[in-house]
Every structure is written in C-alpha cells, then in structure tokens.
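This report concerns only the one structure given below.
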Amino acid sequence: DVQLVESGGGSVQAGGSLRLSCAASGFSDGPYCLAWFRQFSGRTREGVAAIYTLDERAVYSDSEEGRFTISRDSAKNTLYLQMNSLKPEDSAMYYCAADPGGCGGYWDRAPGRFDYWGQGTQVTVS
C-alpha cells in the first residue's frame with residue numbers, strides 16, 4: 001500500500017528551526033510531484049514547497065519567504081522540509097503529498113490534485 005508518514009513536528013520558539021520528514025513507501029516508479037502543504041485551523045490546505053522527482057527541481061509558493069527548503073533523499077525514500085526563522089504564523093498542521101507527474105503551475109493552490117497524503121505533523125511556534 002502507498003503510504004506517507006510525516007515526522008519532525010513539535011513546539012519551537014520563534015526564530016527557531018525544525019526539519020520535517022516524510023517517509024514514502026509503496027510507490028511505483030515515478031516521476032512524482034512531492035509537496036509539503038500546511039493547513040491553518042479552519043482554512044484550506046496551502047502549498048509550501050514541492051519537488052519534481054524527475055529532475056529534482058524545487059518550487060516554492062509565492063508566499064514562501066525563503067525560510068523553507070525542500071529536499072529529497074531518494075535512497076531513503078524520504079522527503080524533507082527544513083524550516084528556519086520560524087514565526088508564530090507558521091504554526092499549522094503540515095502534510096506531505098504526492099501526485100504522479102510534474103508539479104506544473106498552481107500546484108500550491110490545488111491540493112485536490114494530489115492523490116496521496118500523509119497524516120500530518122503539527123508545528124507550533126510560540
């Protein structure tokens with residue numbers, strides 16, 4: 001079965017850093033668009049960063065301010081999101097997602113196109 005399992009969330013003070021991980025299993029050969037989304041309470045999920053497995057090209061949402069970096073370890077089948085200079089407004093549930101094919105445009109505003117999702121990991125910045 002296809003599975004995405006996030007980890008690495010937690011509570012951190014403003015200005016601190018966290019690295020989220022997403023372990024993938026059960027996927028057939030790609031390519032895939034692998035992405036991180038976050039969801040604030042009462043709002044829809046919004047994309048943060050994505051990476052295309054065919055060429056490892058990373059894309060970021062327009063609202064991302066250069067504080068986050070997405071990366072992938074293909075040997076470990078693990079996706080990462082390094083988050084630095086965290087702010088209280090970054091507090092949200094963070095999800096990883098996968099969709100066959102390229103990321104294309106508007107990926108960050110189209111969570112519905114992603115076929116596979118993890119269970120999420122909570123990030124709280126105070």
Side-chain angles (χ1 to χ4, degrees):
D1 291 344
V2 170
Q3 195 172 21
L4 295 170
V5 180
E6 300 98 333
S7 61
S11 297
V12 64
Q13 291 189 338
S17 299
L18 282 175
R19 188 176 80 155
L20 306 183
S21 300
C22 175
S25 60
F27 282 86
S28 61
D29 291 341
Y32 289 88
C33 177
L34 304 178
W36 286 99
F37 282 78
R38 63 185 180 183
Q39 186 168 21
F40 303 105
S41 179
R43 295 176 57 179
T44 58
R45 295 179 186 182
E46 61 180 44
V48 176
I51 191 165
Y52 183 39
T53 62
L54 184 63
D55 58 11
E56 302 297 329
R57 189 172 72 94
V59 290
Y60 296 88
S61 66
D62 290 341
S63 60
E64 205 280 319
E65 303 168 326
R67 298 179 293 120
F68 296 173
T69 302
I70 190 171
S71 62
R72 187 174 80 99
D73 186 331
S74 58
K76 295 182 179 179
N77 291 323
T78 301
L79 181 72
Y80 301 100
L81 184 69
Q82 178 67 42
M83 305 188 294
N84 299 325
S85 302
L86 283 162
K87 304 175 182 180
E89 50 265 43
D90 294 317
S91 297
M93 185 71 81
Y94 284 73
Y95 298 89
C96 67
D99 185 57
C103 297
Y106 306 106
W107 61 270
D108 54 332
R109 285 158 277 179
R113 61 162 277 196
F114 285 81
D115 292 343
Y116 307 105
W117 291 87
Q119 81 289 349
T121 186
Q122 179 69 41
V123 171
T124 302
V125 185
S126 60

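We use all heavy atoms of the structure for the numbers below, so side chains are in, but hydrogens, waters and symmetry mates are not.
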Does [X] share a hydrophobic cluster with [Y], counting links as ILVMFWY side-chain heavy atoms below 4.5 Å and allowing steps through other members?
| X | Y | answer |
| --- | --- | --- |
| Trp36 | Val5 | no |
| Met83 | Tyr60 | yes |
| Tyr95 | Val123 | no |
| Leu34 | Met93 | no |
| Leu81 | Val12 | yes |

Gap between atom [atom2] of [Y] and atom [atom1] of [X] - 0.5 Å precision:
| X | Y | atom1 | atom2 | result |
| --- | --- | --- | --- | --- |
| Ser11 | Gln122 | OG | CD | 8.0 Å |
| Ile70 | Tyr80 | CD1 | OH | 12.5 Å |
| Leu18 | Gln82 | CG | CD | 8.5 Å |
| Ser61 | Trp107 | OG | CH2 | 5.5 Å |
| Thr78 | Leu4 | OG1 | CG | 10.5 Å |
| Lys87 | Ser126 | NZ | OG | 15.5 Å |

Measuring only between side-chain heavy atoms, which start at C-beta, is [X] closer than 4.5 Å to [Y]?
| X | Y | value |
| --- | --- | --- |
| Cys33 | Arg113 | yes |
| Leu86 | Phe68 | yes |
| Trp117 | Arg45 | yes |
| Tyr52 | Val59 | no |
| Thr53 | Ser74 | no |

Heavy-atom neighbours of Glu89 CD exceed 12 at 6.0 Å = yes

For atom CZ of Arg57, decide whether the heavy atoms of other residues, nucleotides or ligands shown that lie under 6.0 angstrom number more than 12.
-> no

Do side-chain atoms of [X] reach the backbone of [Y] as a donor and acceptor pair under 3.5 angstrom?
| X | Y | result |
| --- | --- | --- |
| Thr121 | Tyr94 | no |
| Glu6 | Leu20 | no |
| Glu46 | Phe37 | no |

Would you mind listing the cluster partners of Phe40? Hydrophobic ones only (ILVMFWY), side-chain contacts under 4.5 Å, chaining allowed.
-> none

Please report the closest heavy-atom contact between [X] and [Y], naming both atoms and the distance.
| X | Y | value |
| --- | --- | --- |
| Pro31 | Leu54 | CB-CB, 3.8 Å |
| Asn84 | Ser17 | OD1-OG, 3.0 Å |
| Ser85 | Arg67 | O-NH1, 3.0 Å |
| Phe114 | Ala110 | CD1-O, 3.6 Å |

